[in-house]
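Counting starts at 1 for both ligands and their atoms, following the listed order. In this text, all values refer to a predicted model and were calculated from it rather than measured experimentally. Because only heavy atoms are used, hydrogens play no part in the values below, and waters and symmetry mates are left out as well, while side chains stay in.
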Amino acid sequence: MRCIAVALPVPLFRTFTYRVPEGVAWPIAAGSRVLVPFRNRPELGICLGETEPPEGVALKPIRAVVDAVPSLPEPLLHTARWISDWYAAPLGLTLRSMLPTALTHASAPAPAGKLQRVVRLVQELPSLLQREQAFARAKQQRAVYELLEAQGGLAPLEALRTQAGCSAGVFTAMAKRGLIEIRDESLERDPFADRAGVAPPPNPSPAQRAAIDAILAGDPGQVFLLHGITGSGKTLVYIEVLREVLRTQGRTAIVLVPEIALTSQTVDRFRGAFGDDVAVLHSGLSDGERLDAWQSLRRGERRIAVGARSALFAPLEQVGVVIVDEEHESSYKQSETPRYHAREAAIVRARAEGALVVLGSATPSLESWERADRGQSVRLTLPDRAAGAQLPPVAVVDMRVAVREALATRSPQAPYDPALSVLSPALLAAIESRLTRGEQSLLLLNRRGFAAFVQCHACGDVQVCPHCSISLTYHRVPEALVCHYCQYQTDMPVTCPRCASDKLHRRGLGTQQVETLVAERFPEARIARMDVDTTSGKWAHTQILDRVGRGEVDILLGTQMIAKGLDFPNVTLVGVVDADTGLNLPDFRASERTFQLLSQVAGRAGRGPKGGDVIVQTRMPQAHAVRHALTHDYVGFVREELGARRTPAYPPFVHIANVVVSGVYQAAVAEAAAAAAQWVTTLMQRQGLRDLVLVGPAPCPIDRIKDRWRWHFLLKSSQPRLMTRVAHYIAARCPVPKDSDLRLVVDRDPVSLL
Ligand code: ADP
Ligand code: ZN
Ligand code: ZN
């Protein structure tokens with residue numbers, strides 16, 4: 001009897017054996033999709049190869065082999081097995097996450113998005129002054145304008161009308177004035193399809209040449225850490241390596257970037273160099289478009305896959321190089337099963353392909369840095385900026401001092417100016433000088449909304465989300481209190497719900513507030529804001545960045561989104577409004593993240609011949625993440641941070657796994673977490689596992705999200721094999737009451753412990 005092992009997309013740590021009836025072509029290649037009966041329904045699974053029939057069991061036959069050519073080539077199967085093993089994720093679920101959605105259903109993909117009546121902003125009024133003139137006698141139009149702008153300039157008409165609470169006539173009037181356009185369109189179009197590429201610089205510098213040559217001389221499977229400071233020209237190194245791998249070796253390539261929409265400049269350069277050989281796999285693709293892109297790679301019509309995390313699973317054969325740009329980015333870790341890290345999985349796939357790996361960053365993760373220290377990867381350095389540019393000087397403003405001085409010098413009659421504690425005189429003067437010279441400024445504040453929380457001045461009560469242990473953020477346009485974890489929204493109360501006082505203070509600075517303060521200060525400046533709220537439209541990021549590139553924006557302000565990879569030569573000032581927003585989070589990576597963010601955003605300044613400056617406002621100038629960022633001293637930071645990770649031990653010195661138990665009832669969750677921890681402790685004792693430490697259990701730092709309470713404990717071990725074994729034991733066997741809402745998740749190599 002012919003039998004195959006099949007992986008099915010179910011949360012079970014096992015495979016299933018099916019019989020292959022006569023008449024089906026044999027053998028069936030591993031990696032092919034097969035249609036099989038499962039729990040009385042047809043289900044798509046992946047054939048893993050021939051297997052022995054088990055004794056005394058009546059096997060069901062497969063219904064059909066769906067693929068003529070296996071959907072998953074052998075190196076991808078290998079990668080899936082590794083992910084399943086390392087992250088304790090069921091193999092069937094892992095394999096399914098590697099395929100485009102359209103291939104995971106037995107039916108054909110859904111047609112492209114339906115048309116919808118939408119409003120599009122056509123005339124931007126980016127400065128406060130323009131806006132006040134345009135809407136002097138049209139308050140409702142102004143409200144519509146600001147709502148539309150806040151949503152990235154494109155919104156469904158009905159939703160917008162409800163938010164603004166106005167009649168359809170307001171829209172007609174605005175359309176007549178040429179401010180907006182009303183039309184029927186699909187909100188999903190692929191803007192990369194008609195974007196022009198950008199030609200790369202013609203000749204690599206000697207430093208770039210040296211890096212290119214070293215990489216191309218690497219052995220199959222070798223990992224390179226390309227540590228190149230911001231603006232050192234890492235992209236050209238990638239491009240030249242790809243050129244060689246494609247032309248001379250006739251092989252293919254994968255390029256991972258943290259997020260396509262935010263790195264459109266980088267993607268444009270790859271398209272400029274390789275044109276139609278590039279398949280851009282981005283989240284804006286419909287299922288059908290994604291399938292097209294996938295098939296063109298599978299058939300070898302395109303040889304370069306560029307995309308975020310999941311582009312690692314591009315169905316290319318003969319992969320010659322895998323590039324992971326900005327390898328330190330935490331978005332490379334998937335936050336649901338399988339919880340893989342694309343950087344680590346990239347190394348595994350490259351080994352299986354005999355391909356080179358290039359991990360690039362100005363601020364490498366400590367894991368990658370330490371890997372190079374141990375000799376498991378080769379470190380290459382680009383110590384200088386390309387084309388003679390210099391790293392910008394960074395000045396620090398201690399806001400404790402700045403605010404004190406500002407208060408001391410203002411006249412007692414003057415009304416309190418909220419800008420005082422937000423924008424120091426030094427930063428204001430710097431922005432002003434850029435405006436007069438026609439240069440551009442970037443302002444970073446890594447917190448969106450208007451105010452981080454609302455607090456009653458009388459009783460101290462803070463408005464919190466009814467579903468999460470998180471304070472609600474005050475948003476001004478549209479006005480609401482919003483939970484950033486579950487998107488719950490409610491009206492801003494007029495009086496304190498607890499003591500009825502009407503003194504509700506909006507506290508903690510957000511980007512909307514900075515925008516308001518900057519606009520009031522510089523009414524003629526053209527300002528654009530980029531954060532989650534202004535980029536809800538899928539391509540809003542790209543639109544905003546293109547406007548900056550065309551010089552239509554004087555001041556771009558935003559969250560960490562504006563810190564990623566932007567290359568605008570006319571940006572001569574970067575201001576960090578508050579460097580401290582992430583420093584005090586209860587997470588061992590808080591300092592690393594802050595240092596990376598500050599270094600990356602500082603690296604956006606001075607990329608052109610005009611040079612540039614960086615001003616960092618902080619109340620913690622002594623923090624090592626801030627101190628080393630001021631001198632662009634990555635190595636100094638790493639040395640100090642590595643020291644801090646030794647005791648108590650944290651990665652990269654130990655492997656960790658975060659075990660999170662969640663559920664609806666607080667007491668049940670606490671009990672289940674304690675029981676799970678006890679179960680692990682017993683396991684450790686019984687098996688004499690000495691090199692394993694359990695820390696906890698304790699409530700998670702955010703102990704309730706979306707109506708689920710959360711407890712966790714940490715496992716630490718210096719032996720990866722042991723960690724793998726224990727993680728599997730827990731994921732597969734830990735006794736969590738089955739018939740309850742309780743859930744247990746094992747997150748190995750977590751990037752966040754919140
Ligand atoms: P990184 O990614 O390392 O921060 P980029 O790849 O964005 O740096 O390059 C920074 C800038 O330098 C880009 O505008 C790029 O076109 C330019 N550049 C890179 N290499 C060269 C070179 N060899 N000659 C001239 N300009 C270069
Ligand atoms: Zn109160
Ligand atoms: Zn919430």
Exercise. Do any of the N, O or S atoms of His484 sit under 2.8 Å from the Zn ion (ligand 3)?
Worked result: no

For this session: Measure up the Tyr238 and Phe270 rings against each other and bin them: parallel (under 30°), tilted (30 to 60°), perpendicular (over 60°).
Result: parallel

For this session: Write out the protein residues near ligand 1, meaning a non-hydrogen atom under 4.0 Å from one of its atoms, in order of chain and number.
Result: Pro201, Asn203, Pro204, Ser205, Gln208, Ile229, Thr230, Gly231, Ser232, Gly233, Lys234, Thr235, Leu236, Arg269, Ala386, Ala387, Asp567, Arg607

Problem set entry | Metal-centred angle, SG of Cys465 through the Zn ion (ligand 3) to SG of Cys468, rounded to 10 degrees | 110°

For this session: Considering only NZ, NE, NH1 and NH2 on the basic side and carboxylate oxygens on the acidic side, decide whether Glu367 and Arg589 come within less than 4.0 Å.
Result: yes

Exercise. Going by an N to O cut-off under 4.0 Å, is there a salt bridge joining Asp633 and Arg627?
Worked result: no

Exercise. Yes or no on side chain to side chain donor-acceptor pair (under 3.5 Å) for Arg448 and Thr473, after CA distance, side-chain angles and deciding distance?
Worked result: CA-CA 8 Å; Arg448 68 193 172 97; Thr473 304; over 6 Å; no

Seminar exercise, completed: Taking the Zn ion (ligand 2) as the apex, SG on Cys496 and SG on Cys499 give an angle, to 10°, of 110°

Seminar exercise, completed: The SG(Cys459)-the Zn ion (ligand 2)-SG(Cys456) angle, to 10°, is 110°

Problem set entry | Pair Arg550 + Asp546, salt bridge at N-O below 4.0 Å | no

For this session: Would you please test Gln512 and Arg476 for side chain to side chain donor-acceptor pair (under 3.5 Å) and show each step?
Result: CA-CA 7 Å; Gln512 289 184 358; Arg476 218 191 48 159; 5.6 Å; no

For this session: Output yes when Glu344 and Arg371 qualify as a salt bridge under the 4.0 Å nitrogen-oxygen rule, no when they do not.
Result: yes

Exercise. Only one of His227, His628, His328 clears ring-ring contact (aromatic ring centres under 6.0 Å, His included) with Tyr634; which?
Worked result: His227

Exercise. With a cut-off of 2.8 Å, does any N, O or S atom of Cys483 fall short of it relative to the Zn ion (ligand 3)?
Worked result: yes

